[in-house]
Amino acid sequence: MLNRQHIFQTIDRATKRLCQGFKNYHSSQHAFHPFEEIPQPKPISVHQSMLSSLCRERPYEAIEIFRTQILQSGVSSIDEVVVAIGLKACRGDVKLGCQMHGLAIFSGLDSFLTVSNSLMSLYCKAGFFEEAFGMFENLSSPDIVSWNTILSGFQCSKKGVEFAIQMHREGVAFDAVTYTTVLAFCSSVDELNILGIQLHALIFKHGLDTDTFVGNALVTIYARWARMSEAERVFAEIPDKDLISWNSMLSGYNQEGNCGLEAIWVFVEMVREGLKLDRVSFASVVAACGHERNLNFGIQLHSLILRTGCSAYVSVCNVMMSMYSKCEAVSEAKEVFESMIERNVISWTTMISIDEEKALSHFREMRLDGVPPNEVTFVGLIHAISIKNTVKEGQAIHGQCTKVGFSFKQPVSNSLITMYAKFGSMEDSMKVFSEISFRELISCNALISGYVQNNMFQEALQAFQTTILETKPNEFTFGSVLSAIGAAEPIPLSHGQRCHSRIIKLGLETNLVVSGALVDMYAKRGSIEDSRKIFEEIPQKSLVAWTSIISAFARHDDFKSVMDLFEKMEIGGVQPDSITFLAILTACSHKGMVDTGLRVFNSMVRNNQIEPSQEHYSCVIDMLGRAGRLKEAEEFIHRMPMKPGISALQSLLGACKMYGNVEMGRRAAEALMELEPMESGSYVVMSNLYAERGEWEKVARIRKGMRDKGVKKEVGFSWVDVNDSMLMHGFSSDDKSHPQTRNIYRTVEFLAAEMRFLETRHGSMRDVEDDLALAM
DNA sequence: CTAGGGTTAG
């Protein structure tokens, strides 16, 4: 394991040195001037070396030189090598290539294999594979380069591998290039990884694993399969490591997800080796830095990138934007965007996902800029609109997606499901879901969590049960379904227990999200012992875990446990957040520990720099109110920086009722009725308050007001689990809707009689009977 | 003839 502190200190030193040394780093330019000084006609060898050095870096100049030569000295002044290099310089430009092809036929140089090979390569690159393949089939004696050229032309990895197998059957001996090409095919298809390993064995047998190109390809495939130890082993055995070898390692660590630090470490070693870093190195290391959320190092990298001139690359700027946004430095990200001369889809998409407020206007600008959006753009845009909660815009974008044919792309559908769920219209979510061709887990998770968000817990459970028939659930699936079971009284706890056993089977019980959700679910469903057991078995207790268990005990009014756990949490070095404090305040309030509660509230603001929310204020008001400190409670409401919400007013009203304060109660109730005129609660409490004082006229006025506005009192429900069904059975007092009502009531009477009988013997069943009578 | 990077839904 690497020591973070140590690494970052080392990186700091290394990059500082690098910044100083970089001034003369990229100044070396290729020198071509001697070419001009050689008089015409220039010997062929001069052209060969000139063109081959130019064609990589500046192909158009190479083509120009080629043209001048033909015009000045005729076709006879060139040979097959020059034509081959000239073709290379065309870089997949078919028009130029065709001209060159004509020239080759005209000069008779097309009979040379090198020229045919170069032509085939050109046609492959230009996307005319059929053309190239036709040429290949007409070759009387293709060499390994001809084979490799065709092999590399395959767009589909599987077809490419088939061709390689055919090569093998026909007795073509593989060389380093063949292996490299086939390995590249293997790395892009999962099922081919066994073949990749077999190839590695063959490569090893032929001693080709020390070839830089082959080694790089091996490093790349191992990195892509997240087998970094193997990648490292191959890497160590490459004698002539080039920049690509290093970059492959760097990106390999990046791909593994949480190995950002290792990636940065590789970068530092690259710096130490004195390598000339390029845009790919920077793109990778900046991504790693974003992963690590290390803004300081990111700024150092940024300056390094500016010094090396790599800031001219769109790709590097794109990843810098993303890094800054991950480090929560949005203005820096925007600055990078503004400074860019050229922007591509990724630049715009990144900007759209960073700045959700202006997402739509960025999208419009993007269209005006002539950059066509892709599916990722729509994912970002839909996400931004979900956050903004602008239904009209969402529908418009959905329409746009459909128009450009993106709405059936997997990621887009998934974001649409989430968006409609956020809008509260599950019908639309379901519609999108049902139109998906292949239901991957992410789509199911999106749907389940959508149901939970909209309080449709049974539907969530149902969707979960369909999901587990189709695929293996993951931590997100369980996170959602457990919260559904925790929140929904009518779902029997046995479903939660079944989930729990499934979680254990899948080895997910120590997962951060899942363990927290389990603790929470058991606590909400009354099984605090299970909550505690699960909590204690979590090896590394996270903030979520601590908060879950504290809230669990708070919900059970176990003040002592709450405070014990809170202390242990702080000793354990885990910083409480606003939700933790909310749980503690709840516990204080329920136990009447007003002064402790106030102390906690103040320390939250002062020591932990947490801005109290509406809920925190309500909790304190509730606490003061319950203790009869009504004046302070009302003062507290006035002290709130925001408009007092429903729960704060309800708390105050409740306290007024408890202590019979009609005046204050009226103020609270009026504020409440204004906030939610259709809720019966405040009317009922107020009329009861007046009733207790005998002010019947006022009671009547309130009752009439309720009737006029159409406010109805909600009926309370209880639940009973019948035969471990999917749903529990709900019933209210005086409920006669069940077909077996008569039998049910007879049973209740029997039970009541039995209790009376037992009471005469034990004398302690009074309460239970009262409860039962109430339930009727 | 061959190789490396960036945006992304829960």
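Note on naming: letters A, B, ... go to the chains in the order of the sequence lines (proteins, then strands), and numbering restarts at 1 for each one. For the numbers below, each heavy atom of this structure counts, side chains included, while hydrogens, waters and symmetry mates do not.
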Of the candidate nucleotides [options], which contains the atom at the shortest distance from the side chain of [X]?
X	options	answer
Thr181(A)	dG4(B), dT2(B), dG10(B)	dT2(B)
Val319(A)	dG6(B), dG4(B), dC1(B)	dG6(B)
Lys125(A)	dG10(B), dG6(B), dC1(B)	dC1(B)
Pro411(A)	dG4(B), dA9(B), dG10(B)	dA9(B)
Thr220(A)	dC1(B), dG4(B), dA9(B)	dG4(B)
Lys326(A)	dG10(B), dT7(B), dC1(B)	dT7(B)
Val145(A)	dG10(B), dC1(B), dG4(B)	dC1(B)
His383(A)	dA9(B), dG4(B), dC1(B)	dA9(B)
Phe213(A)	dG10(B), dT2(B), dG4(B)	dT2(B)
Ile442(A)	dG10(B), dT8(B), dC1(B)	dG10(B)

So [X], base contact, sugar-phosphate only, or nothing? Heavy-atom distance under 4.0 Å.
X	value
Val376(A)	base
Thr180(A)	base
Asp143(A)	nothing
Asn374(A)	nothing
Lys88(A)	sugar-phosphate
Asn318(A)	base
Ile352(A)	nothing

For atom [atom1] of [X] and atom [atom2] of [N], their distance in whole Å:
X	N	atom1	atom2	value
Tyr313(A)	dT7(B)	OH	C1'	20 Å
Arg91(A)	dC1(B)	CZ	P	11 Å
His291(A)	dT7(B)	NE2	C1'	14 Å
His302(A)	dG6(B)	NE2	P	19 Å
Leu87(A)	dC1(B)	CG	P	10 Å
Gln453(A)	dA9(B)	CD	C1'	13 Å
Phe154(A)	dC1(B)	CZ	P	17 Å
Glu440(A)	dT8(B)	CD	C1'	12 Å

Cut-off 3.5 Å, side chains only: do [X] and [Y] have a donor facing an acceptor?
X	Y	result
Asp242(A)	Asn216(A)	yes
Ser188(A)	Ser157(A)	yes
Glu170(A)	Gln166(A)	yes

Report yes or no: is the cationic atom of Arg343(A) (NZ for Lys, CZ for Arg) closer than 6.0 Å to the six-membered ring centre of Phe337(A), at no more than 45° off its axis?
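Ring-cation test returns yes.
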
Which word best sums up how the rings of Phe154(A) and Phe133(A) line up, parallel for under 30°, tilted for 30 to 60°, or perpendicular for over 60°?
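Because their plane-to-plane angle is over 60°, the rings of Phe154(A) and Phe133(A) count as perpendicular.
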
Would you please classify the geometry between the Trp246(A) ring and the Phe235(A) ring as parallel, tilted or perpendicular, with 30° and 60° separating the classes?
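Phe235(A) and Trp246(A): perpendicular rings.
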
